[in-house]
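Here the structure comes first, spelled out in structure tokens, and everything after it is commentary.
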Number of protein chains: 2
Amino acid sequence: MSLITLFSQAAPGALKLDRSSLKNQSTELLRTYIVSGRIPPGTKLAERELADLLGISRMPARDALMDLEREGLVVSKPNGRYVIEVSKEDVQNLLQVRLELEKLAVTLAAQHTCPAYRAALETNLQQMRKAIQQNDRNAYIKSDLEAHELIWQQAHNPYLLKMLHSIMGPIFMFIASHTEFQTNWHETLQMHEALASAISVGDAARAVKSIEEQLENSRQLSLRIFV
Amino acid sequence: MSLITLFSQAAPGALKLDRSSLKNQSTELLRTYIVSGRIPPGTKLAERELADLLGISRMPARDALMDLEREGLVVSKPNGRYVIEVSKEDVQNLLQVRLELEKLAVTLAAQHTCPAYRAALETNLQQMRKAIQQNDRNAYIKSDLEAHELIWQQAHNPYLLKMLHSIMGPIFMFIASHTEFQTNWHETLQMHEALASAISVGDAARAVKSIEEQLENSRQLSLRIFV
DNA sequence: ATGCCGTATATGGTATACCATATACGGCAT
DNA sequence: ATGCCGTATATGGTATACCATATACGGCAT
């Protein structure tokens, strides 16, 4: 009996191997844990300790830490590396830069609209509505992020995409560490709908206005947080 | 006789040690060589070869290459790492992002103007005038970069500063690889004077207009280059 | 009790050996 | 002559040992 036959009933990917290097697996794992707050700000990240925890040698652990350091999620001090602590002021600075990058992104996305992209944005909005209906916070956050990701892709500027990715980590960390940072889902949905519609009809000016509203909203929320 | 006495006549720093790690020294050296074009685009950068060249082991060489990869000056392919090749299209994308970041920077800088900053900008302009008078291309480029660096610092946003730094590497590579990319020095000086003056009087709108002109100028020049 | 000093300890940095994998290349079968 | 196949080679990935340095900490002199 062939292997194919043996596993024909198994879930796809049941035998999937980790083709990615230990370094990249470590980076992704750590990033997820840090951004979500499961590894809290200020935590010390020693190479040896991390390597033991992951059951690997110091080198891939070290590589991962250096990646996260370049990404801005980890800082080096003379006596070790630590998870960054994002202050209120940091978030203001981050959002300030993000706003300009997002404005450029929606402008470019509006210029590149096409049926396939419009469909993708619409599908995303449906997911967001479904998440709200089911009161599923995780699904909501996921679709929120995906909406932005879609737009960033549509902008067709790889450098812009890279910068937007890199700036989101610390921002999400801050949000994660303040669960009281509660957005009004319906309001956000409306803003997303307005943004998607503006982009889909190629109205850059309206898209920019919409993203400005969204981020101003985030800024106000972050300001209200007591740190 | 004391060491101090022995070296009292020596130039300051005559005994200066390299306190920086081999990794950082390697990164800086490679960056300089790549950005200036002395290591041309497309050059293969093998860890072992680089380590031998620098007389160090593979690890710091590897670390340096990974830093440069993060920085966007080096790319990984399945069979090795290579110096990036910046296309005309890449420069357009880079300048597009840079423009938005610079606009934010000059706006913020204008808000933070103070006597010390005004003096720094004026000193820089004098250096630039001197370089032009002496027809010193290197001094001119240096003062040009320093002008932007001063403004970026005045913006007081560390994330913005980091992004502007990271985006300049590939742009300078492109310029370096096209020596025909000749700017009109007097014209550039005038634009710098206008920009510095706008920032120093806190006129953000005029500063933005000025930086837009400058970068549009760069864009036109880069478009004219035959690749 | 206080303050200094020296050693212990923890940390990142570096060197080196070996492993996994992709590519290159040469010879052999046809 | 052509195309395939297998081995050689080059490359990055990983593990491990040791080094340099900053910090922590405990005991000793005062």
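- Taking atom CG of residue A:Asp52 and atom P of nucleotide C:dG12, one finds them 12 Å apart after rounding to whole Å.
- The CE atom of B:Met59 sits 15 Å away from the P atom of C:dC18 (whole-angstrom rounding).
- Put simply, A:Lys44 has a side-chain N or O that comes within less than 4.0 Å of OP1 or OP2 on C:dT11.
- C:dC19 atom C1' lies 16 Å from atom CD1 of A:Ile56, rounded to whole Å.
- The nearest whole Å value for the distance from the CZ atom in B:Arg58 to the C1' atom in C:dA17 is 10 Å.
- A:Leu65 comes within 4.0 angstrom of no nucleic acid atom, judged by non-hydrogen atoms across all strands.
- The partner of D:dA15 is C:dT16, by the rule that a Watson-Crick or G-U pair needs both atom distances under 3.5 Å.
- A 3.5 Å limit on both hydrogen-bonding distances identifies D:dA24 as the Watson-Crick or G-U partner of C:dT7.
- Residue A:Ser57 places no side-chain N or O under 4.0 Å from the OP1 or OP2 atom of D:dT14.
- If you check the side chains of B:Gln153 and B:Glu149, you find a donor sitting under 3.5 Å from an acceptor.
- In this structure, CD of A:Glu49 is placed 15 Å from C1' of C:dT9, rounded to the nearest angstrom.
- Judged by Watson-Crick or G-U wobble contacts below 3.5 Å, the nucleotide C:dT2 has D:dA29 as its partner.
- For the pair A:Met66 CE and C:dG12 P, the interatomic distance rounds to 11 Å; values are reported in whole Å.
- Note on A:Lys77: nothing from the nucleic acid sits closer than 4.0 angstrom, heavy atoms only.
- Among the heavy atoms of the strands lying under 4.0 Å from A:Arg81 are primed sugar atoms or P, OP1, OP2 only; no base atom is included.
- In this pair, A:His148 and A:His192 present their aromatic rings perpendicular. The plane angle is above 60°, beyond the 30 to 60° band.
- Looking at B:Lys88, its side chain does come within 3.5 Å of a backbone N or O of B:Leu223 through a donor-acceptor pair.
- Note: CG (A:Asn79) to C1' (D:dA20) measures 15 Å, nearest angstrom.
- Atom-to-atom distance recorded for B:Arg62:CZ and B:Ser57:OG is 11.0 Å, nearest 0.5 angstrom.
- Here the side chain of B:Pro78 is nearest to one of C:dT23, C:dG12, D:dA15, namely C:dT23.
- Distance, B:Arg62 CZ to D:dG13 P: 5 Å, rounded to whole Å.
- A:Arg48 contributes a side-chain N or O that forms a donor-acceptor pair with the base of C:dG12 under 3.5 Å.
- Side-chain atoms of A:Asn157 come within 3.5 Å of backbone N or O of B:Asn93 as a donor-acceptor pair.
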